[in-house]
Amino acid sequence: MNQTALLRSTALAFAVSLALAGCGSNHKGAAPSVPSGNGSGSQSNGNSSGKPTSAQPTDSSVARPDIHTPDSDYTTLHSNTHIMYYYQAYRATPPNYKVMATTISRQYRATSDVFKKHALMKDLKPIMDKKMAEAKAHPYVAWPMQNQTLADYSFQRHGFALTGTSLLTGDYEFFPEYSAPVSSTPITLRNSSQFGFLPVSSKALAKKIEYYVSHGNNCLVKVYMFVNGAELSRRMVKADGVKIELFSPNKKLLLTQYAQHFGN
């Protein structure tokens, strides 16, 4: 009887050991609850190289500019219609051909006859498709802004604050075209906070710019941007600012300020 009990006990212990071994094999590929060494080692390495984490959200799908792109590769924006094509080309949803046709065609705007509109659309659509393709092919754009006012020189910050543009101070800006036929499409910069203030290290240059400011002579600012999206809710183009150039009233280059980072 004792021998039988001993055999049963041995068999039971063997079965339990097999079950425990099976559980171990099922979890062989699982991450340990307490990793050896630095548990965030790989993530820490990612942070040091600028990779995003949950604490540093970023949209990796958004294209970013090359700051070394030559000026000759920038397309100069020249009208609200020009900006509209960028918006329609970069929006996440299909382009709105009716809105574009209403903007570019006086005949299309003037008629309510659906047959005439349909016939006009057949002629207008290839033109609009070509313009949107050009916008997609040329994401680097330059905006030669005129008559930008500056605040007086700041001795605390050693530079000048731009006060005559909402584009460079965190908001959006419309192209200064007073004869826009229907509606205008604004542009906003994802990294506008970098351009609202122009630091000037040279005392001589600071005095020269202050002379223009104090005498009411507005300087000129040229903004270099990289279009990489569109915001549907506010119907505007989104871009990264690459650099800005400040010119004297007689169009002599005074200084250039480059972006330090892209995105929000």
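Under 3.5 Å, the side chains of R91 and N96 contain no donor-acceptor pair of N or O atoms. Of the N and O atoms on the side chains of D129 and Y97, at least one donor lies less than 3.5 Å from an acceptor on the other residue. Donor-acceptor pairing under 3.5 Å is lacking for the side chains of Y87 and T185.
In this structure a side-chain-to-backbone donor-acceptor pair under 3.5 Å is present from Q194 to H261. Put simply, the side chain of E173 never gets that close to the backbone of I187: no donor and acceptor are under 3.5 Å apart. A side-chain donor-acceptor contact under 3.5 Å links S214 to the backbone of Y211. Side-chain atoms of T163 come within 3.5 Å of backbone atoms of T149 as a donor-acceptor pair (strictly under, hydrogens ignored). When atom types are taken as modelled, the side chain of T188 and the backbone of D171 share a donor-acceptor pair closer than 3.5 angstrom. Checking side-chain atoms of K117 against main-chain N and O of S112 turns up no donor-acceptor pair under 3.5 Å. The main-chain N or O of T103 is found under 3.5 Å from a side-chain atom of R109 such that the two form a donor-acceptor pair. Not one N or O on the side chain of N191 forms a donor-acceptor pair closer than 3.5 Å with the backbone of D240.
Dense packing is recorded around CD of E134, with more than 12 heavy atoms of other residues, nucleotides or ligands lying under 6.0 Å away. By the neighbour-count criterion of 12 heavy atoms within 6.0 Å, atom NZ of K131 is sparsely surrounded, having that number or fewer from other residues, nucleotides or ligands. Within a 6.0 Å sphere centred on NZ of K136, other residues, nucleotides and ligands contribute more than 12 heavy atoms.
Under the side chain to side chain contact (heavy atoms under 4.5 Å, CB included) rule, I244 has a single partner from L162, L255, T256, which is L162.
In plain terms, the two heavy atoms of Y153 and E210 that are nearest each other are N-OE1, 2.9 Å. Annotation for L254 and F247: closest pair CD1-C, 3.8 Å, computed over non-hydrogen atoms.
A cation-pi geometry, defined here as NZ or CZ lying under 6.0 Å from the six-membered ring centre and within 45° of its normal, does not hold between R234 and Y172.
Between Y90 and Y86, the two ring planes are parallel [angle under 30°; tilted spans 30° to 60°].
I209 and F195 end up in the same hydrophobic cluster when Ile, Leu, Val, Met, Phe, Trp and Tyr side chains are linked at under 4.5 Å. No continuous path of hydrophobic side-chain contacts links V99 to M121 [ILVMFWY only; heavy atoms under 4.5 Å].
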